[in-house]
Structures are given as structure tokens and as C-alpha cells.
Amino acid sequence: MAYLTDEITSVVNGHPNSQIDELLPWAHAEKPETKPVA
């Protein structure tokens with residue numbers, strides 16, 4: 001669920017088409033998990 005939320009948010013916020021590989025599941029697993037602070 002977190003993966004889909006992150007990737008859909010990235011697309012909606014204008015993620016560049018040239019960097020679409022960053023949105024694949026195996027690339028998502030490499031991202032450190034961040035939590036909003038505020």
C-alpha cells in the first residue's frame with residue numbers, strides 16, 4: 001500500500017518521464033523510509 005501511495009503521489013506531482021525507472025518496485029525498496037516531521 002505504501003509503495004502505491006508513494007508512486008502515485010510522485011506521478012501526480014510531476015515525476016519526469018525520463019526517470020520512470022525510479023518508480024519501479026525494486027527501486028522503491030532501496031529508498032530509505034522517511035516519515036514527515038511536523
Side-chain angles (χ1 to χ4, degrees):
M1 182 69 130
Y3 164 73
L4 290 176
T5 302
D6 289 344
E7 304 318 317
I8 291 171
T9 301
S10 293
V11 170
V12 168
N13 289 334
H15 189 84
N17 289 341
S18 62
Q19 297 173 347
I20 200 75
D21 290 343
E22 294 175 1
L23 301 180
L24 297 174
W26 47 87
H28 184 271
E30 296 173 6
K31 294 180 187 176
E33 183 144 346
T34 58
K35 299 194 188 285
V37 178

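If you read the sequence from its start, that first residue is 1, and numbering goes on from there.
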### Task
Over all heavy atoms of both residues, which pair between E7 and E22 is shortest? Give the atoms and the distance, please.
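For E7 and E22, the tightest heavy-atom pair comes out as OE1-O, 4.3 Å.
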### Task
Could you check D6, V12, T5 and say which one makes a side chain to side chain contact (heavy atoms under 4.5 Å, CB included) with T9?
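So, applying the side chain to side chain contact (heavy atoms under 4.5 Å, CB included) to T9 and each of D6, V12, T5, only T5 qualifies.
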### Query
Among all residues two or more places apart in sequence or in another chain, which pass the side-chain contact (heavy atoms from CB on, under 4.5 Å) test with S18?
P16
### Query
Are V11 and I20 connected, step by step, through hydrophobic side chains (Ile, Leu, Val, Met, Phe, Trp, Tyr) whose heavy atoms are closer than 4.5 Å?
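In one cluster: yes.
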### Over 12 non-hydrogen atoms of neighbours within 6.0 angstrom of CG in N17
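It does not: N17 CG has 12 such atoms or fewer within range.
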